[in-house]
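Right, one structure below, let's go through it.
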Amino acid sequence: MPDNSNSSTRHHTLGQRLFLFLGSMDLAVTLFVALAIASIIGTVLQQNQPYTDYLIKFGPFWFDVFESAGLYDVYSALWFLAILTLLVISTSVCVIRNTPSMLKDMRNLRTHVQSKSLRAMHHQKQWSVDTDEQKSADNLEAALSNLGFRVKQTPKEGEVLVSAMRGGMNRLGYIFTHLAIVVICVGGLIDGNLPLKFAEWQGKIKIETRDLPTSEIPEISRLPVGNHAFRGSVSIPEGRSSSVVFLAMRDGYLLQNLPFTVEVKEFRVAYYTTGQPKLFETDLVIHDDELQAPFEATIAVNHPLFYKGYAIYQASFSDGGSFLTLEAWPLDKEAGKEPVIFETKVFENRKMLWGEQSLRLEVTSFRLFNINPDPTDEDPDRLRNFGPSFSYKLRKNTGEALEYQNYMLPVERNGREYYLSGVRASPAEDFGYLYLPVDIDGGLTHFSHFLQRLQNENIVNEIAHAMMLGTLAEINNQDKELEQSLQETLTLLVATFVKGGFTSINTFIETTLPEAERKRLGPAYLGMLREMLSRIYVGGSLYQYEVGDPEKNTEIQQEELLFFQDAVDAIASLARYGSPVYLYMSDYEHVEASGLQITYAPGKAIVYIGCAFLIMGIFLLFYLPQRRFWAIVKANGSGTEVLLAGMSNRNPREFDLFFKQTAEHLEAVTGNSKAK
Amino acid sequence: MYSSVGVINDERSAALVQWSWRGLMVLAAVVLLALYSFDVYEVIIIILTAISLALMGQNWPAFRHHIVTVTVFSLFAIWTYGQDLSLGESNFFLNYVLASQSAFMWMSVLFFMATVTYFAGLLMRSTFTEKVASALTWSAATMGMVGLMVRWRESHLMGPDIGYIPVSNLYEVFILFAVMTAIIYLFYERRYQIRSLGGFVLLVISAAVVFQLWYSISKGAHQIQPLVPALQSYWMKIHVPANFVGYGTFAMAAMIGVAYLLKSWQQNTNPQGLLATVLPDFAVMDDLMYKTIALGFAFFTLATILGALWAAEAWGGYWSWDPKETWALIVWLNYAAWLHMRMTKGWNGNPMAWWAIIGLFVTLFAFLGVNMFLSGLHSYGGL
């Protein structure tokens, strides 16, 4: 863009002045900087996140301010597009203004130069030869032609001017680069979502913000098959198909119809031996009425399918409604005695009646692998596969919900195995874990049996009675009231523990005992509870002891003792667990969904052409200098005087050398040098 | 004495040498293509590589030596390894010289030595010392390149499905950056006869080496990890190196900018001072800054476009306004503005030198800052 700011603008009309302003370097560089700064905003503030995240982050006031400035989607904000448009206009004006003179300059050999101006040039040389004028000029022309110059002789009064030029294409470099910017921006605008914004502004389409099944999405949020660009995504479970994609728009989405149907046959993930994913791929079937038969294709990351100008990418994967077989082990007295087996699938939402409690079970996800840091390993980076897990929510009628994550396989901790179930009230929290001890038979039967004995009033009463009698017999007590109160205390301790764990026991001690006695009687209460728990457990122990093998029996006893401890700890934390059942996943059938991104970009070819021009242009501009030579050949007595001058529009330093070498060469070929 | 500093050195090799070199490159490509099977993209990449090496080496003896040495060392290392990766720790040559980690260590040490030697040569005004520094820089670049080649083989020895070109994570590209910048500098050093700028350029390389050592020691970044699916593409082989020609030249331009400003400062305070007399003329440095930025800009444009082509294949669109892409655009706009000011407004001198230095910080953010502070699709090599 040659700078024309020196030329006077006083005499120009308003239109001409506007034209000059739009094509000025200052405006262009200002726009560069403005575009750069605007772009930074979009990298610092994460774009297109859920609007609730922004609301939490900025608070209601700034959320609104930023929203109206379009900062959540800067790159399609009107003001951003305005900068781009202005840049396109400014560049176009430059191209329009300069192209004619550039094209002329590309061909023009400048045959009007005078010897005076040649003498004023930085690069010049003079010599004399004994060949005649015409012969010298012809020799120069031939030599310059051989060097790749375009040459022309112009006879003048008493002299001949030889004009030569090489690298005129350098000027094309200017035109190519600047035109390329315009072309790329135009292609980019075609592929942007400006038409959709316009249609929305006209009220022709409306962004849907509710989470609706596809069939219920209203017509105004659906886009027909057309020529507009889009970038949408859809998650299709294995064995299912879709002929729509969802376009994320600000805080909602639009539904885009496709002229074909995509069926997902199978989705696969392959892993390296180190556990990192190596390959994501999907077997697709494309159904199209225009096709003789559906065709199959496999896509993978970096290997999309192109069909009818649409590109189908492997973008993500998720669960496609895996089938789960669950066992509901009762934790609550009301929830029954035996585990209830039922089947469900991921994303299913059903009402469960456990005892008197009616809860909604919402299965949210299933994971085949849980590759997490191993807490028992010293190296925090070492990963271990914890096996399949599933997550679900239990929602009360009031709408409150707790989220659970249960692992299928027992997890080892300190050499013992547990079924692990995480619980939390909100996604912002970490999971708190319930460790249900695995019994000697590898299941939950022993634990459940013990828990039910604790919940059984008759058993507890009976054992409390026996324990009371035994304790009082030691002190020879005859007081009936003491008997009554001790038995009541014992049963109450067990009931309190079952209901609220050790926390409730502490509260119980604090509320029932006067402060003075707390220190003395507190530990006694805990001792009584422990004894009760132990008696209740032992009375119903399911462990099998071999007669006549004391060593083995000691071993089993050790194991049983540890199991009892674990069971008590688990029961103590049941209050916080907040679920009437423990859901054990006994079987599953994994169904995956492949996350596809489907795009249509009619401007792509335009952008690519622009890119090709940009590359060509830049290399022409930088590496093909436009070099001009002039020689004035003038008869002088018997010989001829040659005045050579040259200039280059790039790389002056290299031209110094080039001129020196070329001048020497030309001097040698013009004719025999005339000794001076 | 007539000073040759800044004068274009247009020495050409003898025709026989030129043709032998071109022939050798053709032969190498043909042998490779005949011995192994490649997909069409790899064939194109091999042919383009042979052409560029032929062009770069035909008039540049030192480069020819570099390529031959790298080839011999790398082949020797590959041959020594055989199929047994554990030899890297037991074999003398591998363990102390040629295994990628050892080669990188040598590279680091040699770069540090070269930096010190260049400055020593500058202080002592000793051409001989500066020549030693050039030789050290060549050795460092050679060891770095050997390390990259050997690492490539090592990744394949780790497992047949693991092997990948070692320009795939932040650790590897830092080495690429150091080697590329060194070779680009050495090109201009020969062409413009400007050894006094060596220390400045080597400073930025040394900084990269320090970072790479820290990254390796504190984060274990040198460990070879298999590629995530998104990076398994032939595009990587051209997109990344093209980008690093850009980063390398921008870094070099900025360091020339530093030298320019120092000389300019000393000229005002003490015109007979060391920097004012030893550093090349302002015009030479100004021209070099322009040359390097122009070269960098051309390759950076190419790299960004190649990146867009790759993105169109991997991410569902040629442009996603991902932070890395956006910062690439910002870098591009910055240098586009620089070039416009220089080419059409004729700006030069201190402001352009300052601007070249600022440009390095913008580039640095695009290169490192984005990975450190922003999240996005280019999320490999986090810190």
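Residue numbers start from 1 in every chain, and the chains themselves are labelled A, B, ... in the order their sequence lines are given, proteins ahead of strands. What's counted below: heavy atoms across the whole structure, side chains too, no hydrogens, waters or symmetry copies.
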### Query
What part of B:Ile305 lies closer than 4.5 angstrom to a heavy atom of chain A: side chain, backbone, both or neither?
side chain
### Query
Quick one: CG on B:Leu306 to CD1 on A:Ile615, what's the gap to the nearest 0.5 Å?
7.0 Å
### Greatest number of heavy atom pairs closer than 4.5 Å to chain A - which of B:Leu302, B:Thr304, B:Ile330, B:Ile162
B:Ile330
### Task
First locate atom NZ of A:Lys604, then atom CG of B:Leu309, and finally report the distance between them rounded to the nearest 0.5 Å.
8.5 Å
### Message
Out of A:Val33, A:Asn649, A:Asn651, A:Asp656, return the one with the most heavy atom pairs under 4.5 angstrom to chain B.
### Response
A:Asn651
### Task
Might you point out which heavy atoms bring B:Trp321 and A:Ser39 nearest each other, and give the distance in Å?
CZ3-OG, 4.1 Å
### Message
Heavy-atom cut-off 4.5 Å, strictly under: side chain, backbone, both or neither for A:Ile40 against chain B?
### Response
both
### Query
Is it true that the side chains of A:Asn302 and B:Trp310 contain a donor and an acceptor less than 3.5 Å apart?
yes
### Query
Could you state the interatomic distance from CZ (A:Arg653) to CG (B:Asp287), rounded to the nearest 0.5 Å?
5.0 Å
### Query
Out of B:Gly316, B:Ala294, B:Ala336, B:Ala314, which one racks up the most heavy-atom pairs below 4.5 Å with chain A?
B:Gly316
### Query
Of the backbone (N, CA, C, O) and the side chain (C-beta and beyond), which part of A:Val74 lies under 4.5 Å from a heavy atom of chain B, both, or neither?
neither
### Query
Just how far is it from atom CZ of B:Phe297 to atom CD1 of A:Ile618, taken to the nearest 0.5 Å?
4.5 Å
### Message
Looking only at heavy atoms and a cut-off of under 4.5 Å, which of A:Asp191, A:Val44, A:Ile184 has the most pairs with chain B?
### Response
A:Asp191
### Task
Would you name the heavy atoms of B:Leu295 and A:Tyr623 that are closest together and state the gap between them?
CA-OH, 3.1 Å
#### Entry: Residue pair A:Tyr608 / B:Ala312: nearest heavy atoms and the distance that separates them
OH-CB, 3.1 Å
### Query
Considering only heavy atoms, which portion of A:Leu657 lies under 4.5 Å from any heavy atom of chain B: side chain, backbone, both, or neither?
side chain
### Message
Could you check whether A:Asp26 pairs with B:Lys345 (Lys NZ or Arg NE/NH1/NH2 to Asp/Glu carboxylate O, under 4.0 Å)?
### Response
yes
### Task
Please flag which part of B:Val284 lies under 4.5 Å from any non-hydrogen atom of chain A: side chain, backbone, both or neither.
both
### Task
Starting at CZ of A:Phe306, measure out to CD of B:Glu313 and round the result to the nearest 0.5 Å.
6.5 Å
### Message
In the structure I gave you, are the side-chain heavy atoms of A:Phe622 and B:Tyr290 within less than 4.5 Å of one another anywhere?
### Response
yes
### Summary
Tightest non-hydrogen contact, residues A:Gly188 and B:Tyr318, listed as CA-OH, 4.0 Å
### Under 3.5 Å donor-acceptor, A:Tyr272 side chain and B:Leu227 backbone
yes
### Query
Can we call the ring centroids of A:Tyr75 and B:Trp319 under 6.0 Å apart?
no
### Query
What part of B:Trp332 is in contact with chain A, defined as an atom under 4.5 angstrom from a non-hydrogen atom: side chain, backbone, both or neither?
side chain
### Task
Apply side chain to side chain contact (heavy atoms under 4.5 Å, CB included) to B:Thr301 and A:Leu614, showing your working.
CA-CA 8 Å; B:Thr301 310; A:Leu614 185 59; 3.5 Å; yes
## Note on the structure
Assert top hit (heavy-atom pairs under 4.5 Å, partner chain B, pool A:Ile37, A:Ile312, A:Leu279, A:Val607) equals A:Val607
### Task
Name the region of A:Arg231, side chain, backbone, both or neither, that has any atom closer than 4.5 Å to a heavy atom of chain B.
side chain
### Message
Given heavy-atom pairs under 4.5 angstrom as the criterion, report whether the side chain, backbone, both or neither of A:Leu45 touches chain B.
### Response
neither
### Message
Is A:Gln47 close to chain B through its backbone or its side chain, or both, or neither, when contacts mean heavy atoms under 4.5 Å?
### Response
neither
### Task
Calculate, to the nearest 0.5 Å, the distance between atoms CZ and CD belonging to B:Arg191 and A:Glu654 respectively.
4.5 Å
### Query
Which bit of A:Thr599 comes within less than 4.5 Å of chain B, counting heavy atoms only: side chain, backbone, both or neither?
side chain
### Partner set under side chain to side chain donor-acceptor pair (under 3.5 Å) for A:Tyr310, not counting sequence neighbours
none
### Query
With respect to chain B, which residue among A:Val29, A:Leu621, A:Ile598 yields the maximal number of heavy-atom pairs within a distance under 4.5 Å?
A:Val29
#### Entry: Qualifying residues under salt bridge (Lys or Arg N to Asp or Glu O under 4.0 Å), relative to A:Lys278, sequence neighbours excluded
B:Asp161
### Task
Pick whichever of A:Ala612, A:Pro277, A:Ala311 has the most heavy-atom pairs under 4.5 Å with chain B.
A:Pro277
#### Entry: Structural part of A:Gln597 lying under 4.5 Å from a heavy atom of chain B
side chain
